[in-house]
Amino acid sequence: MLLVLRATARGVVATEISDEGEERAETVIAESDLPAWVAERERARPRWVWNDTARWYPPLLAAGVRVERCVDLRLCHAILRNAIASASSALATAERDGWDAPAPVRAAAASDALFDLEPPPDDDDPVAEWRRQRDAVAAAGDGGRLGLLLAAESVGALVAAEMRHVGLPWSVAEHDRLLTEHLGPRIPNGRPAKLEALAERLREALDAPALNPDSQPDLLRALQNAGLRVESTSKWEVRELDHPVVEPLLEYKTLSRLLTANGWHWLEEWVSEGRFRPVYVPGGVVTGRWASDGGGALQLPKQVRSAVVPDPGWRFVVADASQLEPRVLAAMSGDRAMARAGQATDMYQGMVDTGAVETRQQAKYGMLGAIYGGTTGESGRMKPRIERAFPVAMAYVEAAARAGERGDVVSTWLGRSSPPGEGLGYDETATDVQKRRTQQRAAAWGRFTRNFVVQGTAAEWALCWMGSLRRRLWQMGSGPLTQRPHLAFFVHDELLVHTPATLADEVAAALRESAAEAGRLLFGGMPVEFAVSVAIVERYSDAK
DNA sequence: TCGGAAAGCGCC
DNA sequence: AAAGGGCGCTTTCCGA
């Protein structure tokens with residue numbers, strides 16, 4: 001059964017639709033009664049259908065209501081609009097409309113006074129949109145892959161809202177302690193003592209008394225005036241120099257970064273009541289990966305992870321999908337030799353053991369090159385060997401690269417399609433310079449599409465992993481979400497669960513079982529192991 | 001004075 | 001040691 005929610009000027013209209021698609025009943029509910037109404041109906045385990053999870057779900061969570069399933073119409077629409085598999089559907093061939101617009105700015109999810117001043121505009125008809133999507137999926141003829149993708153995308157939206165709701169446990173005291181230890185005590189609008197001392201050492205080493213090390217042009221000039229041949233101030237270039245300034249400069253960069261990106265200001269802005277609550281943006285990256293909006297959640301430096309501390313009596317169970325992208329490539333390309341290497345817990349070691357390459361290092365750089373399109377250095381050198389050892393997998397990514405270079409669209413395993421390449425062709429009137437530029441653009445776009453199919457499929461696997469885990473975690477406890485084991489953090493191929501210590505072992509097992517289930521769901525019988533490393537810890541930084 | 005671009009660096 | 005793909009954030013610079 002489906003329950004479609006729609007905001008109107010007279011209240012929330014809920015339309016019940018049977019699994020066969022028949023409309024049954026329509027109910028009008030006052031905004032304030034919605035959580036209780038949803039909680040009551042949730043007992044029948046409906047699939048909730050709404051335009052944006054980020055709009056409907058946070059108020060429900062705030063009222064203590066958790067739902068099992070949903071359809072996020074806007075996220076699903078975006079997939080169907082672009083997917084090759086649904087290209088001939090009514091949805092994809094229709095003019096662009098409100099469903100193609102980005103989600104409206106989140107209506108201050110934390111605020112209780114939602115629509116005090118003016119009534120919300122009526123939502124576009126979600127029932128009609130749901131039918132359009134159902135028809136597009138049914139006609140895709142792809143063995144159900146798009147349908148699975150839409151379900152995975154939607155459950156991801158639920159997880160994103162739930163993770164923001166529960167937050168990542170964060171020790172302000174520990175964070176402040178580590179900042180003070182590394183930087184010195186906080187100085188409002190100024191450099192803490194240790195950072196200023198480093199700045200002073202830079203000025204001395206470069207004989208530049210007025211140097212502001214935060215200014216790149218200033219710093220570059222000072223380096224050059226000191227006789228150093230550098231073209232930028234970047235760390236990889238500085239590291240190569242032989243000069244007394246190198247050590248303090250690299251340290252300055254590291255500490256300055258800590259201060260500006262994750263210092264006291266960040267702490268005040270993003271951590272409250274012992275929780276870091278970033279905004280996760282499912283589908284925020286073209287490949288299908290999540291993005292984040294504010295707080296830099298997906299770039300949380302290892303430096304500050306010691307401040308991530310569970311509640312008393314609770315633990316973190318941290319799981320990392322090892323070598324996810326190579327495993328995904330083995331499975332989606334159907335490369336048996338690569339799959340065999342992927343049965344090892346350490347896939348790179350597996351490549352050595354099956355005789356494909358000589359060292360683990362070679363395996364790693366070789367795969368990086370295959371997936372990212374590297375042509376130089378170690379990964380370039382490894383390419384012929386990788387091609388010999390895993391011809392099917394390499395042909396798969398090469399085909400994706402060639403398609404991109406031509407301007408063709410490529411798709412992930414479940415059918416998310418890349419944007420079309422633009423400006424990749426030229427005619428005979430083009431000058432040599434124009435031709436060369438176009439070729440460079442085409443090569444770059446080929447690297448993008450090569451990576452797209454792998455990165456995007458890995459993102460699909462991760463969504464399935466999360467969805468499977470979410471269901472298992474919910475069954476492990478009772479009461480509201482915050483009292484059961486729950487997902488608290490996610491970074492592309494890594495999950496962090498916050499759990500009562502007594503359930504930590506059970507959670508660890510669930511993380512492994514969910515990974516295996518995600519592999520089966522996507523790739524069926526392909527004998528690729530999706531190995532996960534799991535650690536039960538009392539600080540995030542203690543996980544590997 | 002404001003805002004976008006670029007540099008640089010953190011994460012996967 | 002970096003390279004190749006994808007991001008977000010902060011600072012400074014520079015032009016409108």
Side-chain angles (χ1 to χ4, degrees), chain A residues 189 191 212-221 230-241 249-263 265-266 269-270 278-305 320-326 328-329 361 364-383 386 397 400-401 404 410 412 416 418-419 440 443-459 461-462 489-496 540:
Chain A
N189 303 317
R191 279 196 195 99
N212 170 14
D214 294 330
S215 165
Q216 289 150 15
D218 203 8
L219 180 57
L220 184 59
R221 263 192 307 274
V230 286
E231 286 175 18
S232 78
T233 65
S234 72
K235 145 171 144 166
W236 63 266
E237 204 171 338
V238 169
R239 199 154 36 197
E240 299 306 307
L241 303 172
L249 179 51
L250 293 179
E251 195 179 350
Y252 183 88
K253 281 170 175 287
T254 302
L255 292 183
S256 167
R257 167 97 194 166
L258 173 64
L259 174 66
T260 55
N262 295 96
H265 184 251
W266 179 92
E269 182 92 13
W270 292 103
V279 177
Y280 299 95
V281 187
V285 180
V286 274
T287 58
R289 272 190 178 181
W290 288 13
S292 62
D293 183 9
L298 303 183
Q299 296 97 237
L300 200 68
K302 294 206 156 74
Q303 251 176 337
V304 300
R305 292 187 185 181
D320 181 292
S322 319
Q323 301 111 25
L324 177 58
E325 294 191 347
V328 159
L329 174 56
Q361 193 80 339
K364 186 172 174 180
Y365 289 130
M367 284 321 301
L368 238 59
I371 292 168
Y372 294 149
T375 53
T376 60
E378 180 78 346
S379 78
R381 276 196 293 284
M382 282 302 110
K383 194 171 172 183
I386 299 285
V397 287
V410 298
T412 61
R416 191 188 309 259
S418 69
Q440 283 171 353
W445 195 255
R447 285 194 297 276
F448 165 66
T449 51
R450 169 200 293 268
N451 184 249
F452 181 96
V453 295
V454 181
Q455 184 185 119
T457 303
W461 180 90
F489 197 56
F490 166 65
V491 202
H492 306 312
D493 62 356
E494 186 175 337
L495 290 173
L496 182 150
Y540 188 10

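Protein chains get the first letters and strands the later ones, always in sequence-line order, with residue 1 at the start of each.
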Task: Counterpart residues, side-chain contact (heavy atoms from CB on, under 4.5 Å), relative to A:Q303 (two or more places apart) - done: A:T254, A:L258, A:P301
Open item on the list: If I compare all heavy atoms of A:I371 with all of A:P326, which pair ends up nearest, and what's the gap?
Closed with: CD1-N, 3.8 Å
TODO: Only pairs at least two apart or in different chains count here, so list each salt bridge (charged side-chain N to carboxylate O under 4.0 Å, His left out) that has a residue in residues 366-377 of chain A.
DONE: none
Task: Listed partners of A:F490 passing side-chain contact (heavy atoms from CB on, under 4.5 Å), at least two apart - done: A:M163, A:W290, A:A462, A:M466, A:L495
Task: Spacing between A:R450 atom CZ and C:dG6 atom C1', to the nearest angstrom - done: 15 Å
TODO: Could you tell me the separation between the CD atom of A:E325 and the C1' atom of C:dG4, rounded to a whole number of Å?
DONE: 12 Å
Open item on the list: According to side-chain contact (heavy atoms from CB on, under 4.5 Å), who are the partners of A:R289, at least two apart in sequence or on a separate chain?
Closed with: A:V285, A:T287, A:E325, A:Q455, A:A459, A:H492
Open item on the list: List the residues meeting salt bridge (Lys or Arg N to Asp or Glu O under 4.0 Å) with A:D493, not counting sequence neighbours, and say none if there are none.
Closed with: none
- [ ] Using whole Å, report how far CD of A:Q455 lies from P of C:dG5.
- [x] 11 Å
Task: Separation of atom NZ in A:K383 from atom C1' in C:dG4, rounded to whole Å - done: 11 Å
Open item on the list: Using the side chain to side chain donor-acceptor pair (under 3.5 Å) criterion, which residues pair with A:R221? Sequence neighbours excluded.
Closed with: none
Task: Distance test, side-chain N/O of A:R289 to OP1/OP2 of C:dG6, below 4.0 Å - done: no
TODO: For A:S379, answer base if it contacts any base atom (sugar-phosphate contacts may also be present), sugar-phosphate if it contacts only those atoms, and nothing otherwise; contact means non-hydrogen atoms under 4.0 Å.
DONE: base
What nitrogen or oxygen pairs link the protein and nucleotides 7-11 of chain C at under 3.5 Å?
from	atom 1	to	atom 2	distance (Å)
C:dG8	O4'	A:Q299	OE1	3.2
C:dG8	O4'	A:Q299	NE2	2.8
C:dG8	N2	A:R257	NH2	3.2
C:dC9	OP1	A:G294	N	2.3
C:dC9	OP1	A:G295	N	3.3

TODO: With sequence neighbours excluded, tell me which residues meet salt bridge (Lys or Arg N to Asp or Glu O under 4.0 Å) with A:R447.
DONE: none
TODO: Using the criterion of both pairing distances under 3.5 Å for Watson-Crick and G-U wobble pairs, give all stems of 3 or more consecutive pairs involving DNA chain C.
DONE: B:1-12 with C:5-16
Task: Which residues share a side-chain contact (heavy atoms from CB on, under 4.5 Å) with A:R381, sequence neighbours left out - done: A:E378
Task: Spacing of A:F452 atom CZ relative to C:dG4 atom C1', expressed in whole Å - done: 18 Å
- [ ] Kindly write out the residues that satisfy side chain to side chain donor-acceptor pair (under 3.5 Å) with A:Y280, not counting sequence neighbours, or none if the list is empty.
- [x] none
Open item on the list: If only side-chain N and O atoms count, and only distance matters, is there a donor-acceptor pair under 3.5 Å linking A:Q216 with A:T233?
Closed with: no
- [ ] Quick one: label A:Q303 by what it contacts on the DNA or RNA (base, sugar-phosphate, nothing), any heavy atom closer than 4.0 Å.
- [x] nothing
- [ ] For A:G373 and for A:E240, locate the closest nucleotide of DNA chain C by heavy-atom distance; then report the residue assigned to the nucleotide nearer the 5' terminus.
- [x] A:E240
Task: Along DNA chain B, first and last positions that approach a heavy atom of chain A under 4.0 Å - done: B:dA7 to B:dC12
Open item on the list: Anti or syn, where syn is a glycosidic angle within 90° of 0; which label fits C:dG8?
Closed with: anti
